[in-house]
Trainee: 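This is the structure, below, for whatever I ask next.
Because the structure is a prediction, the values reported are computed rather than measured. Order of the sequence lines sets the chain letters (A, B, ...), proteins ahead of strands, with each chain counted from 1. Worth knowing before you read on, the calculation uses all heavy atoms, side chains too, and leaves out hydrogens, waters and symmetry mates.
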2 protein chains.
Amino acid sequence: METQIDLIFAALADPTRRDILVMLLEDDMAVTDVADPFDMSLAAISKHLGILTRAGLISQEKRGRVKWCKLEPDAMRDASIWMQSFGQFEAVNLDAFEEFLSKELPPDQDFSQT
Amino acid sequence: METQIDLIFAALADPTRRDILVMLLEDDMAVTDVADPFDMSLAAISKHLGILTRAGLISQEKRGRVKWCKLEPDAMRDASIWMQSFGQFEAVNLDAFEEFLSKELPPDQDFSQT
DNA sequence: ATAATCGTCAACCAAATGGTTAAATATGGA
DNA sequence: TCCATATTTAACCATTTGGTTGACGATTAT
């Protein structure tokens, strides 16, 4: 079973898809316009957009014959939070702290006479 | 050409590898001990560790016959920063802001007489 | 010296990925 | 109605991915 975070990281792993997200930062875009700067078929871009959509990173809405792509930053936030919370745990990694202490104060050192 | 950030996001896309990273948060571990909780061959875990290593997310050091795996949180930070800076740009997305304004103040409204 | 442990490597496999081209489906405009 | 535009779908292809098993090299223990 593929979780949402699996889909988000997998989507972000491709440079074309990250570029698309950056483009959408500027403004909502039609599929054709998204495809324009890339040296790749429209069908390929359409697939990339499908992957971004399934990951929840963008949404697509059809108005008339053009389908508009819109950034959905909340989805990105989920993965970002995973990483940041990871950093939080890292900050309180007791073992690393203990190792640090053991280097500062070698365990066999005797302070009882000082 | 695969950039470091490609490798990092691809590495994070697999739940087994994310689990391994969480385990390494606790302490450095031998390959065999990393593999233990997983219902998967040692060789498979060895491959996952190789992918994490190439992404720079962990490092491996062989002491005697055991190879120790160690978390390298700096690498994660690169991808985290990509996402966060993305959020920064989003915060100053002028077009979205303009759209917000246009909803609050319909453009054909006439304030000249008030 | 022999045996057990730690880990990788090679060969293989099925499924997923990222691309192509060509045809099909809407929808909009003349 | 007929043509052009916008986008997806289908079929295909090469490569990558995530897993397996079995053999192997290196190290440690008996």
Trainee: Once rounded to the nearest 0.5 Å, what's the spacing between atom CG of B/Asp27 and atom CH2 of B/Trp68?
Mentor: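 Answer rounded to 0.5 Å: 8.0 Å.
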Trainee: Please report the distance, rounded to the nearest Å, between CG in B/Leu12 and P in D/dG18.
Mentor: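 One finds 12 Å between P of D/dG18 and CG of B/Leu12, rounded.
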Trainee: Backbone N or O of B/Ala55 within a donor-acceptor pair of the B/Gln4 side chain at under 3.5 Å?
Mentor: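 Yes.
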Trainee: With sequence neighbours excluded, what pairs up with B/Asp6 under the salt bridge (Lys or Arg N to Asp or Glu O under 4.0 Å) test?
Mentor: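 Scan of B/Asp6 (salt bridge (Lys or Arg N to Asp or Glu O under 4.0 Å), adjacent residues dropped) gives A/Arg18.
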Trainee: Can you tell which of C/dT20, C/dG7, D/dT7 lies closest to the side chain of B/Thr32?
Mentor: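 Shortest atom-to-atom distance from the side chain points to C/dG7.
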Trainee: Which nucleotide in the list C/dG19, D/dT8, C/dT8 gets nearest to the side chain of A/Ala44?
Mentor: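 Of the candidates, C/dG19 comes closest.
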Trainee: Over how many whole Å does the gap from B/Leu42 atom CG to D/dC24 atom P extend?
Mentor: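 Interatomic distance, CG of B/Leu42 to P of D/dC24: 18 Å.
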Trainee: To the side chain of A/Lys47, which of D/dT21, D/dT8, D/dA11 is closest?
Mentor: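 Nucleotide nearest to A/Lys47's side chain: D/dA11.
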Trainee: In whole angstroms, how far is the C1' atom of D/dG18 from the CG atom of B/Asp39?
Mentor: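 Distance, rounded to whole Å: 14 Å.
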Trainee: Taking the nucleotide of DNA chain C with the nearest heavy atom to each, does A/Arg63 or A/Met40 sit closer to the 5' end?
Mentor: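 Taking each residue's closest nucleotide, the earlier one in sequence belongs to A/Met40.
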Trainee: Where the side chain of B/Arg65 is defined as all heavy atoms beyond and including C-beta, which of C/dT8, D/dA29, C/dG7 is the nearest nucleotide?
Mentor: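 For the B/Arg65 side chain, the nearest candidate turns out to be D/dA29.
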Trainee: Specify the residue among A/Asp33 and B/Ala13 whose closest nucleotide of DNA chain D lies further upstream toward the 5′ end.
Mentor: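 The 5'-side residue here is A/Asp33.
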Trainee: Mind calculating the distance between CD (B/Gln60) and P (C/dC6) to the nearest angstrom?
Mentor: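 Checked: the CD to P distance equals 16 Å.
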Trainee: Rounded to whole Å, how long is the line connecting atom CZ of B/Arg54 with atom P of D/dT17?
Mentor: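 The distance from CZ of B/Arg54 to P of D/dT17 comes to 9 Å, rounded to the nearest Å.
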Trainee: For C/dA26, take OP1 and OP2 only and decide whether either is under 4.0 Å from a side-chain N or O of A/Lys62.
Mentor: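 It does not, given that no N or O in the side chain of A/Lys62 lies less than 4.0 Å from OP1 or OP2 of C/dA26.
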Trainee: Base, sugar-phosphate alone, or nothing: which one does A/Ala43 contact when heavy atoms must sit under 4.0 Å apart?
Mentor: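 Contact class for A/Ala43: base.
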Trainee: CD1 of A/Ile51 versus P of C/dA16: gap in Å, rounded?
Mentor: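 Computing the A/Ile51:CD1 to C/dA16:P distance gives 13 Å.
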Trainee: For B/Ser41 and D/dG19, is the shortest distance between a side-chain N/O and OP1 or OP2 below 4.0 Å?
Mentor: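 Answer no for this pair, as no side-chain N or O of B/Ser41 is under 4.0 Å from OP1 or OP2.
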Trainee: Round to the nearest Å and state the distance from B/Glu61 atom CD to C/dT8 atom P.
Mentor: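 In whole Å, C/dT8 P lies 14 Å from B/Glu61 CD.
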Trainee: Is the shortest heavy-atom distance from the side chain of A/Leu12 to the side chain of B/Leu12 under 4.5 Å?
Mentor: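 No, too far: nothing below the 4.5 Å cut-off.
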Trainee: Would you indicate, yes or no, if C/dG7 has its OP1 or OP2 atom less than 4.0 angstrom from a side-chain nitrogen or oxygen of B/Ser46?
Mentor: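 The answer is no; no side-chain N or O of B/Ser46 sits under 4.0 Å from OP1 or OP2.
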Trainee: If you only use heavy atoms from C-beta on, which nucleotide in D/dG19, C/dG18, C/dT21 is closest to the side chain of B/Thr16?
Mentor: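 Looking only at side-chain atoms, B/Thr16 lies closest to D/dG19.
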Trainee: What's the closest nucleotide to the side chain of A/Val66 if the choices are D/dA6, D/dT20, C/dT20?
Mentor: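 Per side-chain heavy atoms of A/Val66, the pick is D/dA6.
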Trainee: Nearest whole Å is fine: how far is D/dT17 C1' from B/Asp14 CG?
Mentor: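 Checked: the CG to C1' distance equals 9 Å.
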Trainee: Please check this pair: side chain of B/Ser80 against backbone of B/Met76, looking for a donor-acceptor N/O pair closer than 3.5 Å.
Mentor: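 No, because the side chain of B/Ser80 does not come within donor-acceptor range (under 3.5 Å) of the backbone of B/Met76.
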